[in-house]
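Take a look at the structure set out below.
Order of appearance sets the numbers: ligands from 1, and atoms from 1 within every ligand. Hydrogens, waters and symmetry mates are skipped; everything else that's a heavy atom, side chains included, is used. Note that the structure is a prediction, hence the values are computed from the model and not measured.
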Amino acid sequence: MTRKIAVITGAGQGIGRAIAKELAAAGFFVAASDIIMAAAQRTVSEIHQQHHQAAAYQANVINQHDLRDLVTQVVTEHGRIDVMVNDAGIVKVGPIEQITDKEVDDLMAVNVKGVLFGIQAAAEFMKKQAGGGKIINAAGLGAVEGMPLLSAYSASKFAVRGLTQAAAKELAPYHITVNAYSPGIVNSPLWDLINAQVDKLDQADRQKMLEQFNDRIALGRIEEPEDAAKLVTFLASEGADYITGQTITVDGGLHMS
Ligand SMILES: NC(=O)c1ccc[n+]([C@@H]2O[C@H](COP(=O)([O-])OP(=O)(O)OC[C@H]3O[C@@H](n4cnc5c(N)ncnc54)[C@H](O)[C@@H]3O)[C@@H](O)[C@H]2O)c1
């Protein structure tokens, strides 16, 4: 059987890195991309140390042509693309009245346009190949529940749900499934960044922020990147062939639908 090919954005650290390693361990060739090439290369070294297959690529997801070039290069080198994981994302914490025009633009560019451009780049090739493909997007708690002090971030993640549903309907005739994974509070550099931003808030806002998370994780522990990566690996597998348009929560019971 030929090896399946997976492309991952934001693979340099955190959840994206865990996804890259899990998919490689599951037998995929992994194209690990990140805006920071050295970070993508570190992930690839770790995959090679485990005797699995991967290569590093540089791509900034806010640029449509970067994602087109990335997927084109992978398809040129490996003949196809079976899975596209649009993981890259950023966050901004703060009171709604203080969010700047630029911060909103940055959030929307990475979290929304980055996912849209990734879907476009993958769909172009998946439509033409036998067997279609699987597109998997990063959502998050902010995609299922609007959160105070994370308003623009929540808006960007709600948009990912909308994109996931629209693309799933549009691409279904081509045997392409589109789903999203929705982690909770993950032990990753992004969460460290949220904590650093929370520390700068005034006392009342800090309290508001912490109350929405504290004691809410039913399983009683913070999420590890591997917890989310295992869901993505399932969504990338044949076991998920009949699942599309879904935003699936993996958060230890933080949000219950
Ligand atoms: N950490 C959490 O608690 C959490 C919770 C829910 C959802 N998420 C989502 O999961 C995804 C990954 O989160 P994480 O915690 O691993 O974040 P992270 O900050 O640890 O890692 C994100 C990676 O994306 C890369 N990146 C950032 N901007 C980019 C760009 N423009 N182009 C390409 N790469 C870029 C970074 O270099 C980094 O390697 C994000 O979409 C995030 O919103 C995270």
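Both the backbone and the side chain of Pro189 come within 4.0 Å of ligand 1, counting heavy atoms alone. Within the 4.0 Å heavy-atom criterion, neither part of Ala11 lies near ligand 1. Under 4.0 angstrom from ligand 1, the non-hydrogen atoms of Lys157 all belong to its side chain. Only the backbone of Ala59 comes within contact range of ligand 1, with a heavy atom under 4.0 Å; no side-chain atom does.
Those atoms of ligand 1 that come under 4.0 Å of a heavy atom in Gly14, given as number and element, are 16 (O), 20 (O). Remark: ligand 1 atoms within the under-4.0 Å shell around heavy atoms of Gly140 are 6 (C), 7 (C). Listed by atom number, the atoms of ligand 1 under 4.0 Å from Asp34 heavy atoms are 23 (C), 24 (O), 25 (C), 36 (C), 37 (O), 38 (C), 39 (O). Near Asn60, with a cut-off below 4.0 Å to any heavy atom, the atoms of ligand 1 are 30 (C), 31 (N), 32 (N). Contact atoms of ligand 1 toward Tyr153: 6 (C), 7 (C), 8 (N), 42 (C), 43 (O) (distance under 4.0 Å to a heavy atom of the residue). Per-residue contacts place Trp191 under 4.0 angstrom from the following atoms of ligand 1 (heavy atoms of the residue considered): 3 (O).
Between Asp82 and Arg80 a salt bridge is recorded (basic side-chain N to carboxylate O distance below 4.0 Å). Taking a cutoff of 4.0 Å between a charged side-chain nitrogen and a carboxylate oxygen, Arg17 and Glu46 qualify as a salt bridge. With salt bridges taken as basic N to acidic carboxylate O contacts below 4.0 Å, one links Glu145 and Arg216. A salt bridge is absent between Asp106 and Lys92: the closest approach of a Lys/Arg side-chain nitrogen to an acidic carboxylate oxygen does not fall below 4.0 angstrom.
Scanning the protein heavy atoms around atom 9 (C) of ligand 1, the nearest turns out to be Ala139 O, 3.8 Å. Of the protein's non-hydrogen atoms, Gly184 O, 3.1 Å is the one closest to atom 5 (C) of ligand 1. Remark: minimum distance from atom 1 (N) of ligand 1 to any protein heavy atom is reached at Ser188 OG, 3.0 Å. For atom 40 (C) of ligand 1, the closest non-hydrogen atom of the protein is Asp87 O, 3.3 Å. With hydrogens left out, the protein atom closest to atom 20 (O) of ligand 1 is Gln13 NE2, 3.0 Å, a heavy atom. Atom 24 (O) of ligand 1 has as its closest protein heavy atom Gly10 CA, 3.4 Å. Scanning the protein heavy atoms around atom 22 (C) of ligand 1, the nearest turns out to be Gly89 O, 4.2 Å. When only non-hydrogen protein atoms are considered, atom 32 (N) of ligand 1 lies nearest to Val61 N, 3.0 Å.
Judged by distance alone, the side chains of Asn137 and Thr164 do bring a donor and an acceptor atom under 3.5 Å apart. Counted by atom type alone, Gln73 and Glu77 present one or more donor-acceptor pairs between their side chains at under 3.5 Å.
Heavy atoms of Thr9 stay at 4.0 angstrom or farther from ligand 1. Taking 4.0 Å as the cut-off, Pro183 counts as a neighbour of ligand 1 on heavy-atom distance.
For the pair Ile19 and Pro225, the minimum side-chain heavy-atom distance is 4.5 Å or more. Under the 4.5 Å side-chain criterion, counting only non-hydrogen atoms from C-beta, Ile5 is not in contact with Val83. Inter-residue side-chain proximity for Met84 and Met126 is flagged as met; some heavy-atom pair is nearer than 4.5 Å. A heavy-atom distance below 4.5 Å is not found between the side chains of Val85 and Val7.
Under the rule for a side chain to side chain donor-acceptor pair (under 3.5 Å), Ser33 has no partner lying at least two apart in sequence or in another chain. Partners of Lys128 under the side chain to side chain donor-acceptor pair (under 3.5 Å) rule, at least two apart in sequence or in another chain, do not exist in this structure.
Note: no N/O pair closer than 3.5 Å links Ile36 and ligand 1 by distance alone. Here's the thing with Ile15: one of its N/O atoms is less than 3.5 angstrom from an N/O atom of ligand 1.
Under a cutoff of 6.0 Å and an axis angle of 45°, Lys127 and Tyr174 form a cation-pi pair.
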